[in-house]
A.B. asks: 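So that we are looking at the same thing, I have put the structure below in structure tokens.
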Amino acid sequence: MYKILKKEVLAPALHLFEIGAPRIAAKALAGQFVILRIHEEGERIPLTVADFDRQEGTITCVFQEVGKTTRQLGVLKEGDSIMDFVGPLGVPSHIENYGRVACVGGGVGVAPVHPVARALKKAGNEVIGIIGARTKELLFWEDKMRAACTELRVTTDDGSYVRKGFVTDVLKEVIEEKGRIDLCLAIGPLPMMRAVCDLTKKYGIRTVVSLNSIMVDGTGMCGCCRVTVNGEMKFACVDGPEFDGHGVDFAEMARRSVIYREQERQAVEVYGESACRCGCGGGRQ
Amino acid sequence: MSEEKKEKKKIVPRKNPMPAQDPKKRAGNFDEVALGYSEDQVVAEANRCLQCKNEPCRQGCPVEIDIPAFIKLAAERDFAGAIRKNKEKNALPAVCGRVCPQESQCEKVCTLGKKHEPVAIGRIERYIADWELANGLLPRETAPPTGKRVAVVGSGPAGLTCAADLARLGHKVTIFEALHVAGGVLMYGIPEFRLPKRVVQAEIASLEKLGVDIQVNSVVGKFATVDELMEKEGFDAVFIGTGAGLPYFMQIPGENACGVYSANEFLTRTNLMKAYLFPCYDTPIKAGKKVAVLGGGNVAMDSARTALRLGAEESWIVYRRSRAEMPARHEEVEHAEEEGVKFALLTSPTRILHNDDYWVTGMECLRYELGEPDASGRRSPVPIEGSEFVMEVDTVVVAIGQGPNPLVPRTTSGLEVTRKGNIVADRETGATSKPGVYAGGDVVTGAATVILAMGAGKTAAKSIHSYLTGQS
Ligand SMILES: Cc1cc2nc3c(=O)[nH]c(=O)nc-3n(C[C@H](O)[C@H](O)[C@H](O)COP(=O)(O)OP(=O)(O)OC[C@H]3O[C@@H](n4cnc5c(N)ncnc54)[C@H](O)[C@@H]3O)c2cc1C
Ligand SMILES: Cc1cc2nc3c(=O)[nH]c(=O)nc-3n(C[C@H](O)[C@H](O)[C@H](O)COP(=O)(O)OP(=O)(O)OC[C@H]3O[C@@H](n4cnc5c(N)ncnc54)[C@H](O)[C@@H]3O)c2cc1C
Ligand code: SF4
Ligand code: FES
């Protein structure tokens, strides 16, 4: 069992957990993820390592409630435990001194961008952070990101905070303003990553994205997470999750991420009811 | 010896048949297909054994079970004695009794099998193992602690066997398993209806009773490498039994379409994650109405039978050679057929077709004929020109084999691997190129069988014991 040592509500339906997992915390690096299972009947879902504390032995995850499992997770309190928590999985971000780097985080994607931005700055890069959310109350970690970057720009889709515009609008301005960007990292919803890649491709800026494909084991055993990158089949859990954004087949990726839409809807419906009615003994809340 | 034993035994030519669920009924549920012998049936079967002096069956067993001895005890209705005898060598009798290919091991060389049907050794083994699980585990002796610590990587049959043998010899064993439960393919691959998961877990519980510590959620190569386990965490030796868990795909267009699964994913969702109980269990699966399973091995049979149980109206095995070349166990093919699985033989897809939403709509296939025998001795399939046709399906399960997961080899210094990525280990000892590190099972041999993996685990345990106690 893995204990939730700290819980913070960052925004409506957006939570932060600090989870006690010393063995994972000892090894975790920026860009990696964990897979968790809340209880015996639960599914295995991946969450990015948003931060880690080797001394305290904790892993920080930030997640958004989007379906049954993340809602169930959102109900847990400080002191509660999660049954399974495994990691650190995936290849860590490649950190070196590229020069000037743009780190773009959209929505909940701000959390996974944070440790990478911090590591890139530490490696000597000039890090320009760009974070955005739909609206002001969904924006989080502005302070943490400011500390992790050389310079931070903030935007909201609806203009309720700082300015109105998408992260791609800001990125375009930054590119025009600075003239040269050596690497761009983009993490967020699929359409956002795709839009960033479309933009940076025009400018010939190498771009890394972190892919959230559906996963089961996270160790390369099932192939569920496969994506096409530069025409080749890759497993996001072991070959990624970070890939060359300009090579990613986003259309395929988008289709694959909604494979279980029907079942996901059904799961949420059943979750709304008090107990499982089929008598299988599952469906614990 | 009593009078009746001395007189020449009357030969019973045929095995006592195994009671089984009705095919039509069982194709709609995940309950176990083979129901197991009754007490009278097991005694009758055990009495067929000739108790041969030269015991050929024993040589056929990779874990060296004293087969005639446990059969004799079963014939005398001393089931406690029988299981104790069996477990002297075998850590997983309830598993072996169900899934071992006895027809190519002990039963293949059984004296009775020369002219008649061999003794149903596996069925007797299953009975006595289930007897123990039902009547409570019998205590087992272990040697006094040696103070040595061994790390076992992977909890498939190879790792479990190695751990059990080392624990009984007094070593402190820790198993590290990547998934959230121990058992390897026994838990995630082989379906519930052939090997109930509670049976696997009960056998693993008896390992824990021996003092084996099982750490799940522990991916070696990620939270710690083999080198770190030895240098920083003080393990005196390591056994690697990480299996062959990396699924192969066909490398044909359309394979990433929605509705295409690797057999590993299809079976893992169903067995390990219990997707057949969705939405009570949270993991979803989508087995369509018409399912094509590519391949002709046991994994393919399991996938096709699973598809039926998940509600498919048609479940097809699509295999590019003919029936005679199918590597699956004869019994599994028969079971599949009885349940209504259909066979498209001498057929192989060249492309998977999908609609605008990327959902599978069919497969473009070619027909084949058999040519000259290839390196494996099987006649190789040759495509028939102009034989293209479209098979309409909405789900495709790719079951054409698995390779070793590269994670451990890649993160371990000085570990020799083959071109295919299998760990190189001495056949006689299980020793790898790295001192103190041993390996066995599918990660060494490529995808094989439960009992061969167990045999390798046993061999390695012996070598590790000599290595740790300084005898060689
Ligand atoms: C490497 C990786 C890192 C991730 N990091 C984060 C993170 O830091 N914070 C965060 O909020 N989310 C993260 N996600 C996404 C998160 O895993 C999904 O939101 C979660 O699985 C949804 O589960 P659900 O039952 O609540 O929703 P569902 O209703 O089941 O699904 C909603 C959507 O989530 C995706 N999804 C569903 N099941 C899985 C699964 N088993 N694996 C992956 N995706 C799935 C699907 O695209 C689906 O359409 C990450 C995903 C990956 C692959
Ligand atoms: C669907 C299916 C049906 C089968 N049916 C039969 C049958 O009827 N009869 C038969 O004899 N054989 C059968 N087999 C074959 C048999 O199951 C295998 O040969 C056997 O399980 C191999 O055992 P193993 O211990 O080498 O590896 P596995 O059983 O594959 O176990 C390896 C374990 O190591 C873990 N692991 C991998 N990497 C790491 C890591 N880095 N750190 C920690 N843990 C790790 C894996 O998660 C897994 O649990 C079947 C196989 C499949 C897939
Ligand atoms: S070979 Fe067959 S008949 Fe002879 S002892 Fe073994 S099981 Fe009995
Ligand atoms: S999640 Fe199973 S292979 Fe990537």
A.B. asks: Would you find more than 12 non-hydrogen atoms of other residues, nucleotides or ligands less than 6.0 Å from Lys197(B) atom NZ?
C.D. replies: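 Yes, the 6.0 Å shell around NZ holds more than 12 heavy atoms from other groups.
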
A.B. asks: Among Gly220(A), Gly218(A), Ala28(A), Ala267(A), which residue has the highest count of heavy-atom pairs closer than 4.5 Å to chain B?
C.D. replies: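 Most pairs with chain B among the choices: Gly220(A).
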
A.B. asks: Take atom CZ of Arg54(A) as the centre, draw a 6.0 Å sphere, and report whether it contains more than 12 heavy atoms from other residues, nucleotides or ligands.
C.D. replies: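 Yes, because the 6.0 Å sphere around CZ of Arg54(A) holds more than 12 heavy atoms from other groups.
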
A.B. asks: With a 4.5 angstrom heavy-atom cut-off, is it the side chain or the backbone of Ile259(A) that approaches chain B, or both, or neither?
C.D. replies: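 Both backbone and side chain.
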
A.B. asks: Is the shortest side-chain N to carboxylate O distance from Glu262(A) to Lys286(B) below 4.0 Å?
C.D. replies: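 Yes, this pair counts.
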
A.B. asks: Where on Arg23(A) is there a heavy atom nearer than 4.5 Å to chain B: the side chain, the backbone, both, or neither?
C.D. replies: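 Backbone plus side chain of Arg23(A), per the 4.5 Å heavy-atom cut-off to chain B.
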
A.B. asks: Could you tell me whether Arg255(A) and Asp357(B) have a side-chain N and a carboxylate O separated by less than 4.0 Å?
C.D. replies: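 Answer for the salt bridge query: yes.
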
A.B. asks: Taking side chain as everything from C-beta outward and backbone as N, CA, C, O, which of these in Val258(A) sits under 4.5 Å from a heavy atom of chain B? Side chain, backbone, both or neither.
C.D. replies: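 Looking at Val258(A), nothing touches chain B.
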
A.B. asks: Go through the atoms of Phe278(B) and report whether side chain, backbone, both or neither lie under 4.5 Å from a heavy atom of chain A.
C.D. replies: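 Contact with chain A involves the side chain of Phe278(B) alone.
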
A.B. asks: Identify which part of Glu228(B) has an atom lying under 4.5 Å from any heavy atom of chain A, answering side chain, backbone, both or neither.
C.D. replies: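 For Glu228(B), side-chain heavy atoms alone lie under 4.5 Å from chain A.
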
A.B. asks: Is it the side chain or the backbone of Ile214(A) that comes within 4.5 Å of chain B heavy atoms, both, or neither?
C.D. replies: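 Only the side chain of Ile214(A) comes within 4.5 Å of chain B.
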
A.B. asks: Are the charged groups of Asp51(A) and Arg118(A) less than 4.0 angstrom apart, N to O?
C.D. replies: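 Looking at Asp51(A) and Arg118(A), the cut-off is met.
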
A.B. asks: Step through the shown structure and confirm whether more than 12 heavy atoms of other residues, nucleotides or ligands are within 6.0 Å of CD on Gln55(A).
C.D. replies: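 Not more than 12 within 6.0 Å, no.
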
A.B. asks: For chain A, which residues from residues 257-270 of chain B lie under 4.5 Å away (heavy-atom distances)?
C.D. replies: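 Interface residues of residues 257-270 of chain B: Ala257(B), Cys258(B), Val260(B), Tyr261(B), Ser262(B), Asn264(B), Glu265(B), Thr268(B), Arg269(B).
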
A.B. asks: Testing His15(A), Arg71(A), Gln72(A) for side-chain hydrogen bond (donor to acceptor under 3.5 Å, both in side chains) with Glu65(A), which one passes?
C.D. replies: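 Among His15(A), Arg71(A), Gln72(A), the one meeting side-chain hydrogen bond (donor to acceptor under 3.5 Å, both in side chains) with Glu65(A) is His15(A).
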
A.B. asks: Under 30°, 30 to 60°, or over 60°: which ring-plane class applies to Phe235(B) and Phe176(B), parallel, tilted or perpendicular?
C.D. replies: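 Geometry flag for Phe176(B) against Phe235(B): perpendicular rings.
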
A.B. asks: Given a strict heavy-atom distance threshold of 4.5 Å, which part of Glu252(A) is in contact with chain B: side chain, backbone, both, or neither?
C.D. replies: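 Its backbone and side chain both get close to chain B.
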
A.B. asks: Quick check against the 3.5 Å criterion: does Thr418(B) have a side-chain atom that pairs as donor or acceptor with the backbone of Lys420(B)?
C.D. replies: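 It does hold such a pair.
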
A.B. asks: Look at Lys27(A), Arg226(A), Glu264(A) and state which one has the largest set of heavy-atom pairs under 4.5 Å with chain B.
C.D. replies: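 Answer, by heavy-atom pair count under 4.5 Å with chain B: Arg226(A).
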
A.B. asks: Under 3.5 Å, side chain of Asn422(B) to main-chain N/O of Val443(B), donor-acceptor pair present?
C.D. replies: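 Yes, because the side chain of Asn422(B) sits within donor-acceptor range (under 3.5 Å) of the backbone of Val443(B).
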
A.B. asks: Going by the ring-ring contact (aromatic ring centres under 6.0 Å, His included) test, name the single residue among Phe193(B), Tyr281(B), Phe30(B) that passes it with Tyr276(B).
C.D. replies: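 That would be Phe30(B); it is the only one of Phe193(B), Tyr281(B), Phe30(B) passing the ring-ring contact (aromatic ring centres under 6.0 Å, His included) with Tyr276(B).
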
A.B. asks: Any salt bridge linking Arg309(B) with Glu192(B)? Criterion: basic side-chain nitrogen under 4.0 Å from a carboxylate oxygen.
C.D. replies: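 Looking at Glu192(B) together with Arg309(B), the answer is no, because their closest N to O distance does not fall below 4.0 Å.
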
A.B. asks: Select, from Val181(B), Leu272(B), Asp356(B), the one with the greatest count of heavy-atom pairs under 4.5 Å involving chain A.
C.D. replies: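 Ranked by contacts with chain A, first place is Asp356(B).
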
A.B. asks: Taking side chain as everything from C-beta outward and backbone as N, CA, C, O, which of these in Phe235(A) sits under 4.5 Å from a heavy atom of chain B? Side chain, backbone, both or neither.
C.D. replies: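 Side chain only.
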
A.B. asks: Find the one option among Asn405(B), Val216(B), Ile285(B) whose heavy-atom pairs under 4.5 Å with chain A are most numerous.
C.D. replies: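 Looking at each of Asn405(B), Val216(B), Ile285(B) in turn, Ile285(B) comes out on top.
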
A.B. asks: Against chain A, label Glu255(B) side chain, backbone, both or neither, depending on which of its atoms sit under 4.5 Å from a heavy atom there.
C.D. replies: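 For Glu255(B), the contact with chain A is made by backbone and side chain together.
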
A.B. asks: If you count heavy-atom pairs under 4.5 Å between each of Pro284(B), Ser218(B), Gly243(B) and chain A, which one has the most?
C.D. replies: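 Highest number of heavy-atom pairs under 4.5 Å: Pro284(B).
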
A.B. asks: Answer yes or no: does atom CD of Gln201(B) have more than 12 heavy-atom neighbours from other residues, nucleotides or ligands under 6.0 Å?
C.D. replies: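 Yes - once you tally the heavy atoms of other residues, nucleotides and ligands closer than 6.0 Å, there are more than 12.
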
A.B. asks: Given a strict heavy-atom distance threshold of 4.5 Å, which part of Leu246(B) is in contact with chain A: side chain, backbone, both, or neither?
C.D. replies: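 Answer is both: backbone and side chain atoms of Leu246(B) are under 4.5 Å from chain A.
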
